[in-house]
Protein chains: 2
Amino acid sequence: MPADDLPIVLDRRGHEPLAVQVADALRNAAGSGALRVGDRLSSTRALAVRLGVSRTVTAAAYDQLLAEGWLAGKRGSGTFITAAPPIHRVRAHTSAVDEAGVGYRYAEQTRPAAGGGTAVRASSPVAASPESGLVDLTAGRPCLDVLDRAAWRRAWRAAADRPPARVVDYAGHPEFRRAVIDHLLRHRGLAARPDQLLATSGTTAGLDEVAATLPPGARVALEEPGYQRAAVTLEARGVRVVPAEVDSDGLRVDRLPSGLSAVYCTPAHQFPLGSRLSAGRRVALVERARAEGFLVLEDDYDGELRYDVAPLPLLAALDPDVVAYLGTSSKLLTPALGVGWLVAPPVLHARLLAARQRAAIRPSPAGQLVFTALAEYGDLARHLRRLRAELTERRQRVVEAITGTGAPVLGDAAGGHLRIGLPSARAEQAVIDGAALAGVLVPGLSEYHWGPARVFGVSVGYAGPTRGELDPAVAVVAEMVRRAWAQG
Amino acid sequence: MPADDLPIVLDRRGHEPLAVQVADALRNAAGSGALRVGDRLSSTRALAVRLGVSRTVTAAAYDQLLAEGWLAGKRGSGTFITAAPPIHRVRAHTSAVDEAGVGYRYAEQTRPAAGGGTAVRASSPVAASPESGLVDLTAGRPCLDVLDRAAWRRAWRAAADRPPARVVDYAGHPEFRRAVIDHLLRHRGLAARPDQLLATSGTTAGLDEVAATLPPGARVALEEPGYQRAAVTLEARGVRVVPAEVDSDGLRVDRLPSGLSAVYCTPAHQFPLGSRLSAGRRVALVERARAEGFLVLEDDYDGELRYDVAPLPLLAALDPDVVAYLGTSSKLLTPALGVGWLVAPPVLHARLLAARQRAAIRPSPAGQLVFTALAEYGDLARHLRRLRAELTERRQRVVEAITGTGAPVLGDAAGGHLRIGLPSARAEQAVIDGAALAGVLVPGLSEYHWGPARVFGVSVGYAGPTRGELDPAVAVVAEMVRRAWAQG
């Protein structure tokens, strides 16, 4: 039975939250065979409309089943039943989820079911190549091919040689903060002091801390399309997220509504569109921030990586009093260090630090020491040079593969992803599904919209795959893009 | 001018939050000389009463000034002006704060002021020994004297030899989770599966994640006296904290109110009183949790450390369906790893993991690898044996030093702290002030009360100081305690 027709009866005055009821109904349907492995579920939006509940309810139900391991998928490529739960027994299959990531886990879990004769629909992402593994072209993966393992080991040894700290610094290791300040000055043109910087576990963790200082019900504008995990993080802190229009020059500053507490943006390399915020809009944004008293959250997740476009001054350099700057080592090196940073205006810095001290919560310091050693030995700078050369070449190969398909390649020569334009939502879904069938995971832009998608296409992350994986995977995407444009 | 008489005029219909106005008034008073370095401020409670505002307002103002570095102190020992800010200019002196911790920072910042002739009151904690540095007897510090540096370096090298992860596991490294599961089985008698466990940055960070899943306005009971940072963490998530009575058998389960969402407690070693939750109450607590549908948050911060008292079954072992178990490596090894763990019932585990995945926030993984290597090589077990022997002996030395002062030594032979009973709040303050004058930081039990203190005494952490520091510091405390009991 397709999920669209599944009868779900909700008890609106019952004790159980609606999301739990929806999750239970879906789980039971899978357990009883009404839904089968490989069945694709309706979108959270469509199901919400059909059941007459808010999309929050259906999204929470899907999240629950995703976490339990009965579902797999991403917003762009649909959500599928991956395993049939024994009825009336909930058990979290989370270790499989975590170790392998969404794509691989899907392949893992459908394989035995398919072998046992259970129906797997043709649109199931990996049915055609269950043994090959998926190549993941999601943006934001690190490029491990150029990481010098000898330098990596040297840095860990240096970290090991330091006497273990008796008391841990809530702002982050002093040496780490100095190393980051130096990095920001050299690679991002930002002059800041170590006492303005806080170590974080990453950009989103830093955003979460800032969100906790905003008043309840604060309105924060976020680029649309944009980084949806930032929206989730803000909403979890009681913030109202307001979509902010983006064009090829980045955030439309003139269209921002009034009454904002903050604006979250990715000026160096708009995520996911790949454009820069123009110089004029940079000035306009910080001027509005100062005039209207809002905070600018500058997410500079891969700002160190630019190939043939000139960097523009950071917002934090234009007006450090109104900008909280967020950076990370996870795109430059690897998320395995779990290390990022936040440069904040004095009053915000003091509030964030006081909150950490009051609650005794701080980012784990171990990775900070490794990053510090990499920076101090010059290995970080050498790595950045190698990484820029590698990604420049990879980007060129992707551009060449797409040229001739009729599709525009969009986004600056920067970072680790580019965007391929597509004519419609249907074309986008066709590319995603076709690529998935051939074992390539490529996210659609609909995934990065909060509301209905306005921009269509796919985002191709070229940093994450190994050298051997990239070309065949991109060839698959190019072929699907060619077909999509041919069909119009 | 004593802070008690300082005129503070608040603009209750003004744009600025009241806390900001209070902080500004105090900062300006210090800048203008109305308050001088060394002046002791009223308690947040007293100031709140005088100004007719809530204590939240005054506490936030003090926190702000503490973070900015103009104030120093702890609730038990009072809050002091440490430096005179230039008027109309706020600058955060946070690096000094972070590197040294509160006690040392105080010494740092008063020294030049004292040298310059600024009045420093006699009750200022370190005026008598500004050059000696403070010995910190706060509970919860790690015992680095017994950490085998060769094993430490070996573990970091092993971590360095692993290929850096391309994708980071939101639940924590699989090997880390297996190592912790093994540790919990061997040392805490808890049989759990790796897929029930989440890596955290520490117990409070784990508590914060659980708090985020509670409904807004949820009521959570917390031991009184208890771990105030847990209360701060819960309140920051919109939780209403309800004090829960404690006696020499731990939490008074029979006195818990109804309508709770959760109960936070430290059953293995009540913090700060040092008692165990009795076996009967353990059963009663999980039975009430099951009957009334609340969650038990079992903070097992130092449960591995017991010397001559038998461990009782963990609440999480009695009924894993209603207990979230929180543990950490920071008391066993060092907070420098930034590694803890959380074992949760399936539905809560799935929710926590889904929240991490949605927001792309996870604990930094670097320290997990080091912990894993220490565990796998057997170094963690060897370290625990050495640590138990060392702390048994240290505890004995403290007990001997206090014997004869007339004061009762309270708390089980466990963990890294014990409690010295005192007859009154006045006696407690006298011991704290006297010890501080002699360069010893010892926290009073008033610091661990949410409301007015019900239990008087000081808590002596014997793990943190070096071997050479401990005996003289304890001799100071013993002398102060003797005087306090002599004066009655």
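Proteins come first, then strands; the chains are lettered A, B, ... in the order of their sequence lines, and each starts at number 1. We use all heavy atoms of the structure for the numbers below, so side chains are in, but hydrogens, waters and symmetry mates are not.
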Region of A:Leu333 that comes under 4.5 Å of a non-hydrogen atom in chain B: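 No part of it gets close to chain B.
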Using non-hydrogen atoms only, which part of A:Pro465 is less than 4.5 Å away from chain B: side chain, backbone, both, or neither?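 A:Pro465 touches chain B through backbone heavy atoms alone.
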Residue among [options] with most heavy-atom pairs under 4.5 Å to chain B:
| options | answer |
| --- | --- |
| A:Ser201, A:Ala205, A:Ala360 | A:Ala360 |
| A:Pro164, A:Pro215, A:Ala355, A:Gly367 | A:Pro164 |
| A:Gly140, A:Pro163, A:Cys143, A:Ala231 | A:Pro163 |

Could you pull out the closest heavy-atom pair between [X] and [Y], with the gap in Å?
| X | Y | result |
| --- | --- | --- |
| A:Arg237 | B:Ala236 | NH1-O, 4.5 Å |
| B:Asp161 | A:Arg149 | O-NH2, 3.1 Å |
| B:Trp156 | A:Ala159 | CZ3-CB, 3.4 Å |
| A:Pro365 | B:Pro335 | CG-O, 3.6 Å |

Below 4.5 Å from any heavy atom of chain A, which atoms of B:Pro216 appear? Answer side chain, backbone, both or neither.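 Neither part.
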Counting only heavy atoms closer than 4.5 Å, note whether B:Ala212 contacts chain A via side chain, backbone, both or neither. neither
So how far is it from A:Thr204 OG1 to B:Arg356 CZ, rounded to the nearest 0.5 Å?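 These two atoms lie 13.5 Å from each other.
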When rounded to the nearest 0.5 angstrom, what is the spacing between CZ in A:Arg153 and CZ in B:Arg162?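 So the CZ of A:Arg153 and the CZ of B:Arg162 are separated by 13.5 Å.
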Contact winner vs chain A - B:Ala230, B:Ala359, B:Gly464, heavy-atom pairs under 4.5 Å: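 Looking at each of B:Ala230, B:Ala359, B:Gly464 in turn, B:Ala359 comes out on top.
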Out of B:Leu144, B:Val339, B:Leu197, which one racks up the most heavy-atom pairs below 4.5 Å with chain A?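 The option with the most such pairs is B:Leu144.
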Quick check on side chain to side chain contact (heavy atoms under 4.5 Å, CB included): which of B:Thr200, B:Asp208, B:Thr203, B:Leu207 does A:Ile361 satisfy it with?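 Exactly one pass, corresponding to B:Asp208.
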Would a 4.5 Å heavy-atom cut-off, applied to side chains only, mark B:Ser364 and A:Leu337 as touching?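 No, their side chains stay 4.5 Å or more apart.
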Just do the side chain to side chain contact (heavy atoms under 4.5 Å, CB included) check on B:Arg358 and A:Glu235 with the steps written out, would you? CA-CA 11 Å; B:Arg358 271 199 306 273; A:Glu235 288 211 321; over 6 Å; no
